[in-house]
2 protein chains.
Amino acid sequence: MIRLNGIRHDGSVVPFDLADRGLTLGDGLFETMAVFGGVVHRLDDHLRRLQLGLSVLGFEVPRERIEADLAATAAESPGSGGVIRLTVTRGAGARGLLPPEEPDPTVIVSLAPFDPTQVGVPARLAVASTRRNDRSPLSRLKSLGYLDNVLALSEARGTGATDALLLNTADRVASASAANIFAVRDGRIETPPASDGVLPGVIRSRVLELAPTLGFEAMERSLDLVDLAGAEAVFLTNSVRLLQPVTEIDGVPVHERSGAVGIVLGALLEEIRAECGVGPLD
Amino acid sequence: MIRLNGIRHDGSVVPFDLADRGLTLGDGLFETMAVFGGVVHRLDDHLRRLQLGLSVLGFEVPRERIEADLAATAAESPGSGGVIRLTVTRGAGARGLLPPEEPDPTVIVSLAPFDPTQVGVPARLAVASTRRNDRSPLSRLKSLGYLDNVLALSEARGTGATDALLLNTADRVASASAANIFAVRDGRIETPPASDGVLPGVIRSRVLELAPTLGFEAMERSLDLVDLAGAEAVFLTNSVRLLQPVTEIDGVPVHERSGAVGIVLGALLEEIRAECGVGPLD
């Protein structure tokens, strides 16, 4: 099921302008959101991040227009949970890079089933040869240009790992292919700052906010591979898998000895249940 | 006029799978080619670069399939010249980054009129705040993720410049928003190597090959802003504007005192006339 500019379609093949700059130039943003009991988890956080990104790209889409499509889609989400992808592009344009002066943005909302088996699933990381471009504002936005991450993930899978570990251009840790990364060090929960080329993830923010209520100090701090190798735990977060313990980096085991992984995941699951009335594993 | 997977459509709004990874993830490549007298200029160079790029992305599209669509499109190009855009994506995929094991690629070929007034048009450059990611293989491919360049161009236009000058993450000169850059220094024609985060442009290669026949030494060499400031000439190349003299960088005039700009542009125009039977300015 998909909605293109407010029109619902059963399948994904629909009349579409091939001059759309989302397709021709990656000129757009997206959000991936989990839905439980018909409620989008942390909807406000996702929409705020999207609007912030659109201001960097320099075009606007009324929040009401997006919310209406999201609400209609969430209402169709199965009881077992769904995953909504919201894509916003600058719309069609003439040949060349220069944006149209009065863009007519495209809004696409699609729904896929939620897969509870991915929640908390352990990750084995391989360091990617491609680097995340911390020198571009796009490294802090969820823009459509995800091919670097696709190549990194494919490279990691080719080595037997389950996900990629992306460093930035200064050899600092940035993220996994589609997840933020945390390390527990000296009992503190640390994650790289956005300035290291990191997407400010919605679950990432929740972990930073929830940690103190769970007895952990939490902070943004640049990390390198040596920091991860010495960590008491390493984990990933994103909006669909929530929290994944990292059990291996480039073949070297990571042993969770902090207790944080189970506690933080438990708190996230509880929070979702409180917000949505039903949890991902219910 | 547009061809989607071999099917010709008069307009650009056509049935299209919104799960296409070109749209959702920027998972594809493109080429922009000039057509004169129904002949695609340097077709082999463009197709070779595309196939090289597809091998990095890890999927294949038979060259014959692409050539048939290009030939049919070129045959429809007006006598005054045309610009063909060829887009190849990995095709539709399920949610997430992982490529489908057996991709069904999408091939889009569109035709726009050629604008002879853009040939040789002078460029005033402004250094972009975003950097080109020389640490990613994508910086050497014409992938769909062009949003960095879009932002750089928009930023440049906002300052009154006509194009952006992109540096790489090591402060070296990489390119303009959609063109390669050359400097003439001590009578030598120099352009940054691909390893500096540079797309190996088709016209760029021709300039390197033609220069010796025109009495100039030519070579790949890393350049920084100081090198450009001291140059006897700076110019841009791409497949549509061919060669543009740079007259200003961040407000500082660049004076062409090498004679190279006119000589090289003249040689390019002559070569096109020889290959296509008609030139861009005829």
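So that the names make sense, note that chain A is the first sequence line, chain B the second, and so on, each numbered from 1.
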Is it the backbone or the side chain of B:Ile2 that comes under 4.5 Å from a heavy atom of chain A, or both, or neither? side chain
Most chain A-contacting option - heavy-atom pairs closer than 4.5 Å, from B:Thr89, B:Leu153, B:Val150: B:Val150
How long is the span from the OG1 atom in A:Thr32 to the CZ atom in B:Arg95, to the nearest 0.5 Å? 6.0 Å
Atom pair CZ/OG of A:Phe16 and B:Ser12 - distance to nearest 0.5 Å: 10.0 Å
Between B:Leu4, B:Val240, B:Leu25, B:Val83, which has the largest tally of heavy atom pairs under 4.5 Å with chain A? B:Leu25
Segment of B:Ser154 engaging chain A (4.5 angstrom heavy-atom cut-off): side chain
Sort A:Leu151 into side chain, backbone, both or neither according to what part of it lies under 4.5 angstrom from a heavy atom of chain B. side chain
Got more than 12 heavy atoms from elsewhere within 6.0 Å of CZ, A:Arg49? yes
Just checking heavy atoms, which of residues 123-134 of chain A are less than 4.5 Å from chain B? A:Ser129, A:Thr130, A:Arg131, A:Arg132, A:Asn133
How many angstroms lie between atom CG of A:Leu18 and atom CZ of B:Arg85, to the nearest 0.5 angstrom? 10.5 Å
Interatomic spacing from CG in B:Asn149 to CG in A:Leu97 - rounded to 0.5 Å: 6.0 Å
Which residues in residues 98-121 of chain A have a heavy atom less than 4.5 Å from any heavy atom of chain B? A:Leu98, A:Pro99, A:Ile108, A:Ala112
Relative to chain A, which of B:Thr87, B:Asp148, B:Asp27 shows the most heavy atom pairs under 4.5 Å? B:Asp148
What do you reckon, is CD of B:Glu76 surrounded by more than 12 foreign heavy atoms closer than 6.0 Å? yes
From B:Asp20 CG over to A:Leu23 CG, what is the distance, rounded to the nearest 0.5 angstrom? 6.5 Å
Is there a side-chain contact between A:Leu57 and B:Leu147 in this structure, where contact means two heavy atoms from C-beta onward sitting under 4.5 Å apart? yes
